[in-house]
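See structure below.
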Amino acid sequence: MRPPRIEVPARSARLPMQAASRRKPEFKALDGKTLKRPAIEGFACLTETVFEHGDRLVFFRAGAFTGTVHAPTTKRLLFDHADARSYGSTASGLEFANTTRGLAFRMPLAGDDGCAVYDAVTSGERACVSVGVRYSDFETQTIAGYKVDVINSADLIEISLCRQGAVPETFAALVDIADEPPLWEAARSPAFATRKVVANVDARVRRITEALAGISR
């Protein structure tokens with residue numbers, strides 16, 4: 001059986017920090033209020049839903065990330081699955097929580113790396129999320145004439161902020177964790193679900209606006 005394709009970042013040297021992220025760190029909410037403990041959070045991957053990945057159809061079962069979330073291995077936050085663009089890890093506060101809907105994450109923002117992440121998310125440039133994984137237990141099933149890779153268990157290597165993830169409705173949103181409950185609780189709240197809808201609508205609007213601007217040139 002042909003194994004599923006895997007998103008794993010290639011190893012390379014860290015790129016120089018862009019000038020925009022060298023400013024004095026300052027994190028504000030959309031209403032201009034200074035955030036006491038700025039962070040981003042959202043869903044990195046949804047479970048119990050089929051999505052296209054390259055030439056494959058993929059389905060993560062609920063609980064596919066249970067083992068890896070509690071494993072002591074370091075998981076990183078990247079841009080676009082590029083190893084050279086690493087902006088944090090579980091060693092610097094990145095955390096995960098399993099829910100019935102999918103894999104939730106939270107990353108505190110601080111310093112130059114925090115500024116780069118803040119700019120990417122608040123500008124809408126990278127408001128979606130994708131996971132880099134190795135499938136440790138999977139089977140390929142034929143359903144309604146389509147071959148579907150059903151993932152029972154996966155080892156999480158990294159999550160990436162990107163323009164558009166393979167799994168629909170993943171998102172990253174800015175929060176102040178001084179006002180938030182623990183991630184495992186927040187990810188199950190109605191407010192978290194609302195934040196997902198708002199973030200995805202904003203991202204879609206930006207993509208459509210950019211596309212129309214390109215046509216009008």
Side-chain angles (χ1 to χ4, degrees), residues 1-10 40-69 75-86 96-105 107 120-121 123-173 187 192-212 214-215:
M1 173 170 32
R2 182 164 68 96
R5 295 175 62 179
I6 304 170
E7 289 279 10
V8 177
I40 59 167
E41 66 181 23
F43 278 121
C45 185
L46 300 186
T47 55
E48 301 294 314
T49 185
V50 175
F51 63 93
E52 290 184 88
H53 184 211
D55 62 346
R56 314 284 291 189
L57 292 177
V58 180
F59 179 88
F60 282 94
R61 290 195 184 278
F65 296 101
T66 299
T68 191
V69 163
K75 290 88 173 173
R76 295 177 300 152
L77 174 71
L78 308 180
F79 282 3
D80 304 316
H81 298 292
D83 184 73
R85 309 194 71 182
S86 178
F96 299 94
N98 279 299
T99 75
T100 55
R101 188 77 178 94
L103 179 67
F105 77 96
M107 178 69 201
V121 171
S123 69
E125 181 184 357
R126 291 182 178 84
C128 297
V129 191
S130 180
V131 293
V133 301
R134 291 190 180 93
Y135 302 142
S136 52
D137 179 13
F138 76 95
E139 55 187 324
T140 300
Q141 299 181 9
T142 300
I143 302 172
Y146 295 94
K147 290 189 179 299
V148 182
D149 293 322
V150 179
I151 314 304
N152 300 309
S153 179
D155 297 324
L156 182 65
I157 300 168
E158 52 89 4
I159 64 171
S160 282
L161 298 177
C162 51
R163 182 174 174 79
Q164 188 166 4
V167 185
E169 298 187 24
T170 61
F171 76 99
F192 201 89
T194 301
R195 197 172 292 136
K196 173 176 74 71
V197 172
V198 171
N200 278 284
V201 169
D202 286 348
R204 283 195 295 269
V205 167
R206 288 189 185 98
R207 286 195 293 270
I208 292 170
T209 301
E210 289 171 4
L212 291 173
I215 292 172

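Remark: T47 pairs with no residue by the side-chain hydrogen bond (donor to acceptor under 3.5 Å, both in side chains) rule, at least two apart or across chains. With sequence neighbours excluded, the residues that form a side-chain contact (heavy atoms from CB on, under 4.5 Å) with E52 are L57. Not a single side-chain hydrogen bond (donor to acceptor under 3.5 Å, both in side chains) links T49 to another residue, sequence neighbours left out. In this view, F79 and Y87 satisfy the ring-ring contact (aromatic ring centres under 6.0 Å, His included) rule, not counting sequence neighbours. Residues satisfying the ring-ring contact (aromatic ring centres under 6.0 Å, His included) test with F105, not counting sequence neighbours, are none. Residues forming a salt bridge (Lys or Arg N to Asp or Glu O under 4.0 Å) with D137 (at least two apart in sequence, or on another chain): none.
Looking only at side-chain heavy atoms (C-beta outward), V167 and H53 stay at 4.5 Å or farther from each other. Counting only heavy atoms from C-beta outward, the side chains of E158 and V131 never approach each other to under 4.5 Å. A heavy-atom distance below 4.5 Å is found between the side chains of L46 and E169.
No donor-acceptor distance shorter than 3.5 angstrom exists from the side chain of T142 to the backbone of G145, with no hydrogens or angles considered. T68 places a side-chain N or O within 3.5 Å of a backbone atom of L156 that can act as its donor or acceptor partner. In this structure a side-chain-to-backbone donor-acceptor pair under 3.5 Å is present from T99 to R101. No donor-acceptor distance shorter than 3.5 angstrom exists from the side chain of K75 to the backbone of F96, with no hydrogens or angles considered.
To the nearest 0.5 Å, atoms CZ (F171) and CG (L161) are separated by 12.0 Å. I40 contributes atom CD1, which lies 7.5 Å from atom CE of M107 (distance to the nearest 0.5 angstrom).
Nearest heavy atoms, V121 versus A172: CG1-O, 3.5 Å. Closest approach of A44 and I159 over heavy atoms only: CB-CG2, 3.8 Å. The two atoms that bring A62 and E48 nearest to each other are N-OE2, 2.7 Å, heavy atoms only.
Side-chain N/O atoms of S136 and S153 include a donor and acceptor closer than 3.5 Å.
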Take V150 and T140 through the side-chain contact (heavy atoms from CB on, under 4.5 Å) test and state the conclusion after the steps. CA-CA 6 Å; V150 179; T140 300; over 6 Å; no
Given the rule in the side-chain contact (heavy atoms from CB on, under 4.5 Å) test, do L103 and N98 qualify, once you have shown the distances and angles that lead to the verdict? CA-CA 5 Å; L103 179 67; N98 279 299; 3.9 Å; yes
When you look at S130 and H81, which way does the side-chain contact (heavy atoms from CB on, under 4.5 Å) test go after all the steps? CA-CA 8 Å; S130 180; H81 298 292; 2.9 Å; yes
Test side-chain contact (heavy atoms from CB on, under 4.5 Å) applied to V148 and V58, step by step: CA-CA 6 Å; V148 182; V58 180; over 6 Å; no
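Taking the ring centroids of F43 and F192, they lie under the 6.0 Å cut-off.
Here D80 pairs with R126 in a salt bridge; the nearest charged N to carboxylate O distance falls below 4.0 Å. R56 and D149 are joined by a salt bridge, as a carboxylate oxygen and a charged side-chain nitrogen come within less than 4.0 angstrom of each other.
Taking the six-membered ring where tryptophan is involved, the planes of Y135 and F60 are perpendicular, since the angle between them exceeds 60° and thus also 30°.
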